[in-house]
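First comes the structure, then the notes that go with it.
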Amino acid sequence: QVWLVESGGGLVQAGGSLRLSCAASRSIFSINTMGWFRQAPGKEREFVAAISWSGGDYADSVKGRFTISRDNAKNAVYLQMNSLKPEDTAVYYCAARALTSTRSAGDYPYWGQGTQVTVSS
């Protein structure tokens with residue numbers, strides 16, 4: 001079992017940057033995959049990025065703009081978001097999975113409560 005808490009969301013203008021953080025309740029050293037998902041109003045939760053023992057994976061919509069990283073010593077995962085667009089507006093969720101990386105939200109058993117990101121045009 002692991003509890004996840006996101007932070008760092010907020011309101012930013014288009015073209016700006018935000019850095020999301022996800023703090024875990026225990027060591028993530030043994031957790032293979034940490035991921036970020038987002039959900040906009042009226043839409044399904046969608047994959048944003050994941051980082052695993054084999055590397056990073058990004059949705060096409062954020063590739064080149066977002067960077068996921070993890071600090072096992074701090075039990076934390078981060079999502080650096082640059083060149084933000086209004087379509088990036090959503091609640092962003094951190095998720096954890098003991099097994100290999102996947103883009104399917106249903107494959108992640110552990111979730112945070114989410115942090116709101118709003119990008120104004």
Side-chain angles (χ1 to χ4, degrees):
Q1 181 75 14
V2 59
W3 299 99
L4 304 171
V5 179
E6 303 94 336
S7 61
L11 174 64
V12 64
Q13 288 187 335
S17 298
L18 282 175
R19 186 191 192 213
L20 304 183
S21 298
C22 172
S25 60
R26 66 165 179 85
S27 172
I28 63 170
F29 182 80
S30 62
I31 297 177
N32 190 334
T33 304
M34 299 295 296
W36 286 96
F37 290 76
R38 65 188 182 187
Q39 188 167 17
K43 295 187 177 181
E44 293 188 354
R45 193 167 297 189
E46 65 173 0
F47 170 79
V48 175
I51 186 166
S52 67
W53 296 341
S54 57
D57 183 29
Y58 297 89
D60 288 345
S61 60
V62 306
K63 198 172 294 183
R65 300 188 297 122
F66 291 10
T67 302
I68 188 171
S69 61
R70 64 191 290 170
D71 187 336
N72 291 341
K74 295 184 178 180
N75 300 333
V77 179
Y78 307 99
L79 185 68
Q80 177 66 44
M81 305 186 296
N82 299 328
S83 301
L84 283 161
K85 305 174 181 180
E87 51 263 44
D88 293 319
T89 295
V91 177
Y92 283 71
Y93 297 90
C94 177
R97 168 180 163 84
L99 303 177
T100 55
S101 183
T102 170
R103 295 187 174 193
S104 176
D107 291 335
Y108 289 77
Y110 306 112
W111 291 86
Q113 83 290 347
T115 185
Q116 176 71 47
V117 171
T118 303
V119 184
S120 62
S121 57

*Tell me whether Tyr108 is reachable from Ile68 by hopping between hydrophobic residues (I, L, V, M, F, W, Y) whose side-chain heavy atoms are closer than 4.5 Å.*
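No: no chain of side-chain contacts under 4.5 Å links Ile68 to Tyr108.
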_Is there a continuous path of hydrophobic side-chain contacts, each under 4.5 Å between heavy atoms, that joins Val117 to Phe37?_
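Per the 4.5 Å side-chain linkage, Val117 and Phe37 are not co-clustered.
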How close do [X] and [Y] get, counting heavy atoms only, and between which atoms?
X: Tyr58; Y: Arg103; answer: O-NH2, 3.0 Å
X: Thr33; Y: Ala50; answer: CG2-CB, 4.1 Å
X: Asn82; Y: Ser17; answer: OD1-OG, 2.9 Å
X: Ala14; Y: Pro86; answer: CB-CD, 4.1 Å
X: Ala96; Y: Val2; answer: CB-CG1, 4.3 Å

_Qualifying residue, where the test is side-chain contact (heavy atoms from CB on, under 4.5 Å) with Val77 and the options are Leu4, Ile28, Asp71_ =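 Between Val77 and the candidates, side-chain contact (heavy atoms from CB on, under 4.5 Å) is satisfied uniquely by Ile28.
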Taking atom [atom1] of [X] and atom [atom2] of [Y], what is their separation to the nearest 0.5 Å?
X: Leu84; Y: Gln13; atom1: CG; atom2: CD; value: 11.5 Å
X: Leu79; Y: Met34; atom1: CG; atom2: CE; value: 12.0 Å
X: Thr67; Y: Tyr78; atom1: OG1; atom2: OH; value: 14.5 Å
X: Thr102; Y: Phe47; atom1: OG1; atom2: CZ; value: 8.0 Å
X: Ser30; Y: Asn72; atom1: OG; atom2: CG; value: 9.0 Å
X: Ile31; Y: Leu99; atom1: CD1; atom2: CG; value: 11.0 Å

Heavy-atom side-chain contact between [X] and [Y] under 4.5 Å:
X: Ser61; Y: Arg38; result: yes
X: Trp3; Y: Arg26; result: no
X: Met81; Y: Trp36; result: no
X: Val91; Y: Glu6; result: no

*Given Arg97 and Asp107, is the side-chain contact (heavy atoms from CB on, under 4.5 Å) satisfied, shown in steps?*
CA-CA 7 Å; Arg97 168 180 163 84; Asp107 291 335; 3.4 Å; yes
_Please verify the inter-ring angle class for Tyr92 with Phe66; under 30° counts as parallel, over 60° as perpendicular, anything in between as tilted._
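Tyr92 vs Phe66 ring planes: tilted.
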*Please step through side-chain contact (heavy atoms from CB on, under 4.5 Å) for the pair Thr89 and Gln116, ending with a clear verdict.*
CA-CA 8 Å; Thr89 295; Gln116 176 71 47; 4.0 Å; yes
*asked:* With no hydrogens and no angle check, just 3.5 Å: does a side-chain donor-acceptor pair link Ser54 and Ser52?
replied: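 On atom types as modelled, these side chains qualify, holding a pair under 3.5 Å.
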*Does Asp88 come within less than 4.0 Å of Lys85, counting only side-chain N to carboxylate O?*
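Looking at Lys85 together with Asp88, the answer is no, because their closest N to O distance does not fall below 4.0 Å.
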